[in-house]
Every structure is written in structure tokens, then in C-alpha cells.
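Read through the structure below, which is laid out as C-alpha cells, and then see the notes.
Values in this document were obtained by computation on a predicted structure and should not be read as measured data. Values below: every heavy atom of this structure, side chains too, minus hydrogens, waters and symmetry copies.
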Amino acid sequence: MAPVDAYAEELLEGLNEPQRQAVVHGGGPLLVLAGAGSGKTRVLTHRVAWLVRTGQAGLGEILAVTFTNKAAAELRDRVAGLLGRSVRGLWVSTFHSACVRILRVEAERLGYSRQFTIYDADDARRLLKRCLGDIDADTKRYTPNAVHNRISDHKNRLRSVDDAARLAHGPYDQTVVAAYRAYQDALVRNNAMDFDDLLGRVVDLLERFPEVRRRYRSTFRHVLVDEYQDTNPAQYRLLQLLCMDDPTHDGTGDDVGPLAGEEPGHRNLMVVGDDAQSIYGFRSADIRNILDFEDDFPDAEVIRLEQNYRSTQNILTAANGLIAHNVEQRPKTLWSDAGAGDEVRIRALPDDHTEARWVVSEIERLAGGGVPLGEIAVLYRTNALSRAIETALTQAELDYRVIGGVRFFDRAEVKDAMAYVQWLHNPADTVAFARIVNRPRRGIGDTTVGRLLAHADATGATPLEAIADPAAAGLRTAAIRAVGGFAEQVAAMRESLDTDPTVADLLSDVLRHSGYRDELQASVDPQDEGRLENLEQLVAYAEEFDDEDGGDVDADGTGPLDRFLQQVALVSDSDRRSDAPDGQVTLMTLHNAKGLEYDAVFLVGCEDGVFPHSRAIDAGELDEERRLAYVGVTRARRHLALTWSRRRALYGPPQPQMPSRFLRELPADVLDDLSSEATSAHAPIPTLRERPGPGSVGRIGRPAGRADRGGRSISALGLRRGSDLAGAGGGTPTGPDIAPGARVRHRKFGEGVLVRREDDVLVLRFDDHGERRLIAGFARLEPVD
DNA sequence: TATTGCCTCGTTTTT
DNA sequence: CGAGGCAATA
């Protein structure tokens, strides 16, 4: 190890033993299993500072990757604080922005230009929708959303179109493959990459170009990864390529063989994570990466951080007890010396309004006891559950903020403005073009746009070239005039593009030349005022960017507009998750809560089917749901309550609910007296401070035979609507029975036969998908005659 | 080409 | 219950 002086030594002060071991780790692969609240960011920052101070690495030789911009910024700031100087040159960034930074330099090697566009999920789906049309796919069965998820999964597993074709099984897969092929082709022609490509193309780059690989391998002598449990196979492969001697495993389970003529890797890979908090499997994150770390890196050192500095022991015991129900995991036992603290509470409420009012009355009680509202969070599985809580908070006149929902850069008007600039920057981008060509309305309808795009496609031209000669695209006089007018506006915007020194001026000019601003100003729709404000905010944001950016053109040829577009694509409002301003209760999904902590946490909607979510139950993904519960529980420092509703209206009429199975997995000895009864069918209703408002109690049952919506009444089919077989109380399926042997159709799995019933579980054999067990309360089945 | 109304369908989502 | 998609209309 490098010599250690007192100056470096002070970086170890205040660390516990395992933390210290991780920081001074000599070299080679290191896995830090960092339980919730165990100080993993501390370890990462001190490790980076240690490497620098002991002279083991220069700032420019360290790559630290995170998943969020917020985490990257925090890491950077804290390292700067520890070192007491600028950390310019240190690569601290998200996987995606590190990849973009590499791709901007190397794009030409991959057949892209430096100006390539980054498509977010919305852009990608627009393009994919067009591709699905081109291959004549039935867009009912093959929704852009579903198909994009499948393609994304292929990409995250580094499957090329041909790989996907080899794996395709059945007609659905084959259509997905055809869509993948058309979509990938379209991306290249648009000079665009989606989020998944950013990773996948860098992997391509490093695999195909040894000299590029060598360059980055020798640049980054130390690679550190945060939240390793959330890495997907592409990210895994990327790390292999950057660090290892013989990047044999590609993360997909297939051996790709050693890379020819490879120089030894530095092997200095440090990963930090917690398998118990792996909650992004649905986005192709692979928990095996952290579970199998020592198999992949046989000489790896493993350090466990189990001392928790956040929560009281009762909360940690609850968390430990819960997660112990997962089959496969790294055994870990969080402990704290903060004392037992409050008991954990479980409460059963008659309906979602009462549940919300109970939570709010408890919030008032805590607030009265001196807990700041900003230190209180209400967590839920799905965004739809926020509504009842919001209503109750509003009635109690408590201030709150909801994390999630529509983000600033996702707002239609903001995306429109950005699409203008994006298209000016990359005229091959047909998604941006299609978005703005008729916004504001200029009489260029869908058919005209279709003709322009088809013509551009056929001639290999960009939309910019196509609008210059509308007659050639086969347009008639009215359309030609409309397109001509648009072309004039575009010419004015391109003039601005060439002359405007700043991004803010360009944006402002675009809003003027396009008529977008005028249209909103002239509008009588009251919402347009807000839209106008958002656009002014966007310009203000750009001004800020210009000031910070300086406007130089880099050595690699990237200018301010490149950087601005990239930032907006990758840094959607990062401050939303920042610490709560005082006086506001925070509402958010469990996913959004990861990495945060609050004095008091309420986890609402703990009902089977809601949490764990019915789709997760169907898909057999209970472990991931349980980890999500674990994340929720471990957010709390001192107060934790979990609630469920006996009846809840998710959509349509209220349905009876059963308590979440996770509630029964919490160890009884950390629960208070009321909790022990709260998961039973006869749970008492806790007292509320206010009297229930009128009409707050849902009607019990519903009028028999009422058709729920237009079309065939479901009762006419012999079934009740929604969760057709939902139990009326005891959890036993009631309603018209579907007898074993009956042919049924499930919306997702298609037709099949009901094999048998086991309590509240239906066992069905589907024609395509083999056997499946469905929870009766959530199995939407239609009988097939 | 733009608007209206009907129908369908329902997770989570760091980038 | 509501948002978004699509087909029928003005």
C-alpha cells in the first residue's frame, strides 16, 4: 500500500471498523454490502478522498458511477469537502452521462454524428409506434409501451436484434423482434439513441475497438459503483470491460470469450450496494450481480456494514424480520445503538378515507409533539393512492408536496420547445420534427406529415430537406402552402441557430419565430397562462445554464447546445427529491423513497393486491415487493406506522381488501398492542380525532345486476366486474363460481382451462404459457363459451 | 383537418 | 374514476 501520512489518516476518523477497512482497501475487487443507513456514501466519499490523498490515484484516474444525478452531485460535493479543494477532473457521474460523454467523442465510429439525439421513453415510444405501423403490427395487442419494455429488456441484456430473434419463442416474440429491428434501424436513421443505447453502444464501442478500450481502461485506474444491486447486465459488462483482465462474462450468462490480446486489467473495482434494496428488477436490473459478486471476481474482498446510524432498534428488527422471509439473499442483521424506541404500529381502517384521516390525525399529533412536518413522509406503492391522503391533508390545512407525477421537462409545452431546438440541432430527428411541425397549428395534418416523412425516408433525406420541396413529396396546393410557411419560419430559426451566442436566446427566438408564444398569449384557455410561465421558466433555466457553461466549444467539438440538450435529456429536475423544506409533509411512492430518511414514516395501502401489487403476485415477484417494503420500513428514524383499508376503490366501485401478507411478517415483539389484532378480519378501528365527514363511508356491496359501463354487462357474463371473484369478506371467493374444467380467458395470458381451485388461488393452464396460479381476488377472467 | 365523444384499461420508473 | 386512444363527425 502507498505510504500513509497523518494528512490522509484524518480521513479515517470517525469511521467504524468495517467502514475503515473498505476505505483503506488495497486494490482489486471489493464488495461493500451496505445495509440501509449504514453510511455507504460516507465510505464511498472517504474512499475516493483516500485514494487521492495517499497518492494512489489522481483525480482524473477515478471513475465513480451512480444511478441518479442527485447522488452524483452529492458524492462530488462531499469529496470536494473532504479534500478541501476542487475536484475538477474527477469523473463522478451517472452511468448514462458517463456513457454520453464517451459517445460524444466516439460517435463516428458507431455510425452516428456527434449531434446525436437522446430519446427519452416518450420519444422512443413515438418512434416505435411509427415502426409498429410500418410492420403492420396490431397496435391493440402490440402497444408501443409493452413492446418498448420488451425491447428495452433485450437491450439491457445486450441482445442484438439477431440475438433476440434466436431467442424468440412464439408469434408474439417474433413480432417484438420485427419491431426491434425496425425501431433500431429507425434510431440510426434518426441519428438518435434511446436511454438503453447509451449503455449498449458504449459496450459495443469497447468490445469492437481495442484501442478505445485500452484508452479508457488505462484512464480509469479505479472504478467505484454506487447502488450496485441495481445494475443491469449492460452495466455489468461495462464494468468488466473497464476493469478486468479477461472480461469473459458478459452478464447474460453466455461466455463471449476473452478479448484477444488484452492487457491485464487493473481490477480496481469497488462496488457498494444492498441486495435487500434491489427494487428495479422490472427494469432489467439483475440482483444476481450483487449476489454472485465473488463468483464473478473470485479474489474479491467482501465487507459488511451492518451498524445502522439512522433508525431505532424496533424499526430495524421489524425490517430484519420482514426481509428474512426472502429466500435468496445475503444474510444481514442491521443493529443500532440508538435504543429500542417507539413500537411499530399497524392499523386497519374501514376504508381509504378513514385511513387517510387516521394518518393525518397522527401527523397532527406528531407535529404537536415537535416533529417538523418536513420530517414526515407518507409512502405508498402506487401513485393513485396519494389522492385520499392529499384530500385529508388539505382538509386539515397541512402543507404537503408530492414527489413524482409530471416532471417539468416532461410537460408538453416544454417538450415542444425542446423539440424545436433538438430538431434544429439534429435535422434527421423525425420524432422531434413530427412533434413540432404542426405545433402551433399550421394546417399541416397527419396525412401531410406522413407524406413528408415517407418521402424523406424513401429518398434518404432529412425532414428539413423534405419541407424545402413539398411538391416532391406529393402534396397538394393547400398543404404546399402550409408547409412553405413553416419552412420560412424554420429558415428564420436556423438563422438564429447560426448567430445566437446563447442557448437562452435561441430558445427565445424559436418561441417567437414559431408563433408558439403568440398563440399562447392570444389564448383564452386559462391553462395556457401556466404553459407560458413554464416556457419562461425554461428560458430562465437556459440562461442559468449559459452563465455556468461559459459557451466554449470543447476540444472534442461539443458546444453549449450539445451540452444543454444532453443535460435536459439526462438531468430531469433533480431538485425534486431534495430535502423537504420545513412545513411540508412529503408524499411519494416507495420507489422514490429509496435513499431518503424521515423521522416519521407512514406506509399506507398495505393490502394484498395493492402491496404486494396484484401484478407482482401474478408474476411471482414477491421477493422484489418485499424488498420494496424493506426499503419503506428502513426510511423511518423513530416512528413507523403501516396501515391498510378493508375497502378501497381503486377504480370503479370499492372492493373488499385483505391485509398485506407483509404485515404478518413483521415480528410481533416490536409491534404495539393494537397492531397484533390489526391484521385480522375483526380488527378494531382506532379512534380518530375528528368525526367522519358525511358520505365518507362507502356503500356496502353494490346493487345486484347493475351494468358497470356501456357494452355488455359483465354480470350478463355471469361474473362481477373487476376483481370478479373478490371475496365478500372472509377471503373466500364468492360470486358465480367458475367450475374446474371451464374454459376461460385472461386478459394477459389468453385462453386456458381452470384446473382446480385452492382456497383463494385459481390454478389455470393457459394454451401458450403453461400453468399459472392466480389469486382469485385479482384474476380477471372471462368465461369462453 | 380539427373536434367530439365513446371505449378501454389500469405498477413501480434513478436515466 | 380518469387519461388516452381512436373512430365518427363537423
Ignoring hydrogens and angles, answer whether the base of B:dT14 and the side-chain atoms of A:R283 contain a donor-acceptor pair closer than 3.5 Å. no
Rounded off to whole Å, could you give me the [atom1]-to-[atom2] distance for the [X] and [N] pair?
{"X": "A:N592", "N": "B:dT11", "atom1": "CG", "atom2": "P", "answer": "16 Å"}
{"X": "A:D286", "N": "B:dT14", "atom1": "CG", "atom2": "C1'", "answer": "17 Å"}
{"X": "A:R441", "N": "B:dT1", "atom1": "CZ", "atom2": "P", "answer": "12 Å"}
{"X": "A:Q655", "N": "C:dC1", "atom1": "CD", "atom2": "C1'", "answer": "13 Å"}
{"X": "A:K594", "N": "B:dT11", "atom1": "NZ", "atom2": "P", "answer": "21 Å"}
{"X": "A:N145", "N": "B:dT8", "atom1": "CG", "atom2": "C1'", "answer": "15 Å"}
{"X": "A:L596", "N": "B:dT14", "atom1": "CG", "atom2": "P", "answer": "12 Å"}
{"X": "A:D410", "N": "C:dG4", "atom1": "CG", "atom2": "P", "answer": "12 Å"}

| query | Between A:Y651 and C:dG2, do the rings stack, that is, sit under 5.5 Å apart with planes less than 30° off each other? | reply | no
Q. Under the 5.5 Å and 30° test, is A:H591 stacked on the base of B:dT12?
A.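 So A:H591 does not count as stacking on the base.
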task: Give A:D230 one of three labels, base, sugar-phosphate or nothing, depending on what nucleic acid heavy atoms sit under 4.0 Å from its own.
output: base
Heavy atoms under 4.0 Å, any strand shown: does A:T66 hit a base, just sugar-phosphate, or nothing?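 Here A:T66 touches no strand at all.
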Are any of [X]'s side-chain N or O atoms less than 4.0 Å away from OP1 or OP2 of [N]?
{"X": "A:K70", "N": "B:dT15", "value": "no"}
{"X": "A:N69", "N": "B:dT14", "value": "no"}
{"X": "A:S97", "N": "B:dT15", "value": "no"}
{"X": "A:N232", "N": "B:dT15", "value": "no"}

Minimum-distance nucleotide (side-chain atoms of [X] versus [options]):
{"X": "A:R387", "options": "B:dA2, C:dG2, B:dT15", "value": "C:dG2"}
{"X": "A:R615", "options": "B:dT15, B:dT12, B:dT11", "value": "B:dT11"}
{"X": "A:F282", "options": "B:dT13, B:dA2, B:dT11", "value": "B:dT13"}
{"X": "A:T447", "options": "B:dT13, B:dA2, B:dT1", "value": "B:dT1"}
{"X": "A:T589", "options": "B:dT15, B:dT12, B:dT1", "value": "B:dT12"}
{"X": "A:R381", "options": "B:dT15, B:dT14, B:dT11", "value": "B:dT11"}

**OP:** Before accepting this row, confirm whether a basic side-chain N of the pair A:D528/A:R531 lies closer than 4.0 Å to the acidic partner's carboxylate O.
**Re:** yes
Between A:E625 and A:R381 (salt bridge meaning N to carboxylate O under 4.0 Å), is one present in this structure?
yes
By nearest-heavy-atom nucleotide on DNA chain B, the more 5' of A:G443 and A:E625 is A:G443
Is the closest side-chain heavy-atom distance between A:Q184 and A:K155 below 4.5 Å?
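In short, these two side chains touch, coming nearer than 4.5 Å.
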query = Can you check whether A:Y183 and A:Y119 have ring centres sitting under 6.0 Å from each other?
reply = no
Is it the case that the ring center of A:H591 lies less than 6.0 angstrom away from the ring center of A:F282?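 Aromatic pair counts; centres sit under 6.0 Å.
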Exercise. For atom CG of A:D138, is the number of surrounding heavy atoms from other residues, nucleotides or ligands below 6.0 Å larger than 12?
Worked result: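 Buried by this count: over 12 neighbours within 6.0 Å.
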